[in-house]
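Working notes, structure below.
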Protein chains: 2
Amino acid sequence: MKTSTLQDVARVAKVSTATVSRTLSNPDVVSESTRRRVSEAVKVTGYRINRAARNLRTRRAHSVLVLLPDLANPFFSTILEGISRILSQQGYSMLIASTKQVHDSGERLIDYLDDARADGMIILDGWLDDEVLQMLKDAPQAERVLFACEWVDGANFPSVRCENRQGTRIAVNHLYDLGHRKIAHVTGPETNVISNARKDEFIAEITSLKLALEPEWIIPGDFSLSAGCQAAQAWIALNDRPTAVFCASDQLAMGFIAELSRHDIKVPNDVSVMGFDDIDLAEQFIPPLTTIKQDRLMIGETAAKMLMARIVTPNEENLEHAAVLPVSLVIRDSTSPPT
Amino acid sequence: MKTSTLQDVARVAKVSTATVSRTLSNPDVVSESTRRRVSEAVKVTGYRINRAARNLRTRRAHSVLVLLPDLANPFFSTILEGISRILSQQGYSMLIASTKQVHDSGERLIDYLDDARADGMIILDGWLDDEVLQMLKDAPQAERVLFACEWVDGANFPSVRCENRQGTRIAVNHLYDLGHRKIAHVTGPETNVISNARKDEFIAEITSLKLALEPEWIIPGDFSLSAGCQAAQAWIALNDRPTAVFCASDQLAMGFIAELSRHDIKVPNDVSVMGFDDIDLAEQFIPPLTTIKQDRLMIGETAAKMLMARIVTPNEENLEHAAVLPVSLVIRDSTSPPT
DNA sequence: CCCCACTTTGCAATCGATTACATCATCTTA
DNA sequence: TAAGATGATGTAATCGATTGCAAAGTGGGG
């Protein structure tokens, strides 16, 4: 069974292919009766549009590339869900690739845009090479590249992110309000914009609360579980241990707590620990994690909407260029007043 | 800056477009000197192939759809990584959609194949409607549909899965060897082929070991964390509690253990708990989870390879039709001899 | 009854790469 | 040296949908 084409439909409906095409993409311009005849013919022939043909003619790929640092990171899944929702609503498909893979296969990121594979790109990875970034920045397609969660200082890419700084203040104040006066921070990766925003704001807020802050209370990490474990060891080794720890990610917090429990240190009794992100697991963790919630579904949806707007009406001046989404405090059992 | 086409390259290299095309896709048939001239011209013009045009002409989408039940499930990420690796090696792109979304948007799954959006499909969801399945089965494109992890009893789709039954036997025997004689099982969803395979084999193995098995030792679940919590409550409510529990997934096991810990029941001291899958988190969990490891990277790679073989040489008789991959026991701290 | 405006439809070019077939040059071999 | 084989390249049709432009049809107003 060959799949049928516009021609077949046209033949059956006894109209031209132009009319069929118009009926399908812009029904208002054809007469009521033709519209009926055509839809009948479409049904009879079982016609499906050939996207390759349309893509060629319209110079649109009707798909968007989402670039992840790592497919295996649960942080991103809900964001993807949000992106995918908006895209499929608009008849677009979602292509997925990971930074590492693109790099290993020798492809250049910009190729996806250049070779008509994707109309735009949502980047969830702030760790791109400078070289790659430069290439993106210079390219005329740069306006169809959008960063979500991550962003690039200095470069003028549109972006969606959450209130990292406000979230940090909320976290610090939650611990402060519980009565903690010695608070440590486990950071994300050193070169990452998100972790720097959180770290800077942490220091600022601690300072503005006039709390003590020893240099070794800023413990370097990298968002991962295992970094959390190492951070816990660093904390344990301190002479003067802070009574609360604000971790830059939930994964860090989980690793931190896991390591503590191996040393028979109890959370929150012996130390309060907070995360950031509110990943799915945070609620089920033992103890359930107090954290700063990012609405990842909304991040995804917002990113997709912003990008689609740029794809549909390029060169538009008054497009939203950056969205900063609110965060909220989720209090669970990993924090309590110091004892 | 307009992107350049084959024509532009041909003009610069002073050959026909046919020659350029051949140089690019089949370099052996052109002469050494032309090859050099053409690659020079490609460099000069910055030529990038237009995939829409190629896709139209070759009647290939050069992409594969991966269908997930749920983007937010961490179980799938490594499988995706594996699939993506193979696809990008072969110049294919990976499209992602979730069952729910396809359903909600009113699309039919088969449309992806029909409208030249994707050349094939890897389905990681066993929960498809009968209606959808029937449609897939009848379609001539069915041979380009492959199930991974999941499969459909009765339908003759190619598939990749792990040794579910053997994994189950290994698990039961591990517990048996530790000295457990009363073993419970928390199942996956009732209608799921995987959970049924594991459940059936569990019963068979318990029987062949001549162990006792009360009906209420088979606790229904659905692979999720929260089902694990409920299962723990069911276990707690038992008069005669089994000393070991084999859960059909790691998530179940984690939920189970989390709930126990809320009741101050210690794993493995008070009860041994095993999972199945070896998801990334299993190692970091408290206690680190004893489980049956599925090599998810290999599942993904195998699935992609099998599908690609079918796409590249359709109607080939001697294609591998089902791959069953080995599993292994990973012993960590959630199991111990009964006390 | 004619003219103009407006709606509806058709014609045909177009998007850019691939490939069957034809052509031409060069080389082998009897 | 002629015939045939081999290799390299060009010509042009093709994939299937979209769309600018022209033409045909319809209706209203003068």
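Just so we're on the same page: letters track the sequence lines, and every chain starts at 1. Heavy atoms only: backbone and side chains are in, while hydrogens, waters and symmetry mates are out.
Between Glu107(A) and Arg117(A) there is a salt bridge, with a side-chain nitrogen of the basic residue lying less than 4.0 Å from a carboxylate oxygen of the acidic one. Using a 4.0 Å cut-off between charged nitrogen and carboxylate oxygen, Arg48(A) and Asp111(B) count as a salt-bridge pair. A salt bridge does not link Arg60(A) with Asp119(A): every distance from a Lys NZ or Arg NE/NH1/NH2 to an Asp or Glu carboxylate oxygen is 4.0 Å or more. Salt bridge annotation for Glu40(A)-Arg36(A): absent, with no cationic side-chain nitrogen under 4.0 angstrom from a carboxylate oxygen.
Atom CG in Leu6(A) sits roughly 18 Å away from atom P in dA12(C) (whole-Å rounding). In this structure, Leu56(B) atom CG and dC15(C) atom P are separated by 14 Å, rounded to whole Å. Rounded to an integer number of Å, the gap from Lys14(B) NZ to dG10(D) C1' is 16 Å. One interatomic measurement links the two molecules: CZ of Arg117(B) to P of dG16(D), which rounds to 17 Å at whole-angstrom precision. Atom P of nucleotide dG25(D) and atom CD of Glu32(A) are separated by 21 Å, given to the nearest angstrom. The CZ-C1' distance, from Arg37(B) to dA8(D), rounds to 12 Å in whole Å. The nearest whole Å value for the distance from the CD1 atom in Ile49(A) to the C1' atom in dG16(D) is 9 Å. In this entry the distance linking CG of Asn55(B) with P of dT18(C) reads 10 Å, nearest Å.
If you check every strand for non-hydrogen atoms under 4.0 Å, Arg22(B) touches a base. Within 4.0 Å of Leu24(A), counting heavy atoms only, lies no atom of the nucleic acid at all. Contact annotation for Thr34(A): backbone-only contact, meaning every heavy-atom pair under 4.0 Å involves sugar-phosphate atoms and none involves a base. Residue-level contact check: Val20(A) touches neither bases nor backbone, having no heavy atom under 4.0 Å from any strand. Nucleic acid contact class of Ser21(A) (heavy atoms, under 4.0 Å, all strands): base.
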Which donor-acceptor pairs under 3.5 Å do side chains of residues 15-25 of chain B form with protein atoms, sequence neighbours excluded?
unit_1: Ser16(B); atom_1: OG; unit_2: Ala18(B); atom_2: N; d: 3.4
unit_1: Ser16(B); atom_1: OG; unit_2: Thr19(B); atom_2: N; d: 3.3
unit_1: Ser16(B); atom_1: OG; unit_2: Thr19(B); atom_2: OG1; d: 3.2
unit_1: Thr23(B); atom_1: OG1; unit_2: Thr19(B); atom_2: O; d: 2.6
unit_1: Ser25(B); atom_1: OG; unit_2: Ser21(B); atom_2: O; d: 3.0

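Remark on the helix from dC1(C)-dG30(D) to dA30(C)-dT1(D): inter-end axis angle 50°, axes from five-pair C1' superpositions, rounded to 10°.
Looking at Arg54(A), its side chain has no donor and acceptor atom pair within 3.5 Å of the base of dT18(D).
Between dG10(D) and Ser16(B), a contact under 4.0 Å exists linking OP1 or OP2 to a side-chain N or O. In this structure, Tyr47(B) does not reach the dG16(C) phosphate: none of its side-chain N or O atoms is under 4.0 Å from OP1 or OP2. Between Ser31(B) and dT9(D) there is a side-chain N or O to OP1 or OP2 distance below 4.0 Å. Within the 4.0 Å cut-off from OP1 or OP2 of dG16(D), at least one side-chain nitrogen or oxygen of Arg59(B) is found.
The closest side-chain heavy-atom distance from Val145(A) to Leu307(A) is not below 4.5 Å. Side-chain contact between Ile83(B) and Met94(B): present, with at least one pair of heavy atoms (C-beta onward) separated by less than 4.5 Å.
Candidate nucleotides dA17(D), dC11(C), dT18(D) were compared by shortest atom distance to the side chain of Ala18(A), and dC11(C) ranks first. Candidate nucleotides dG10(D), dA17(D), dG16(C) were compared by shortest atom distance to the side chain of Val15(B), and dG10(D) ranks first. In this structure, of dC15(C), dT9(D), dA12(C), it is dA12(C) that holds the atom nearest to the side chain of Thr17(A).
Rounding to the nearest 0.5 angstrom, the gap separating the OG atom in Ser84(A) from the CD1 atom in Ile96(B) is 9.0 Å.
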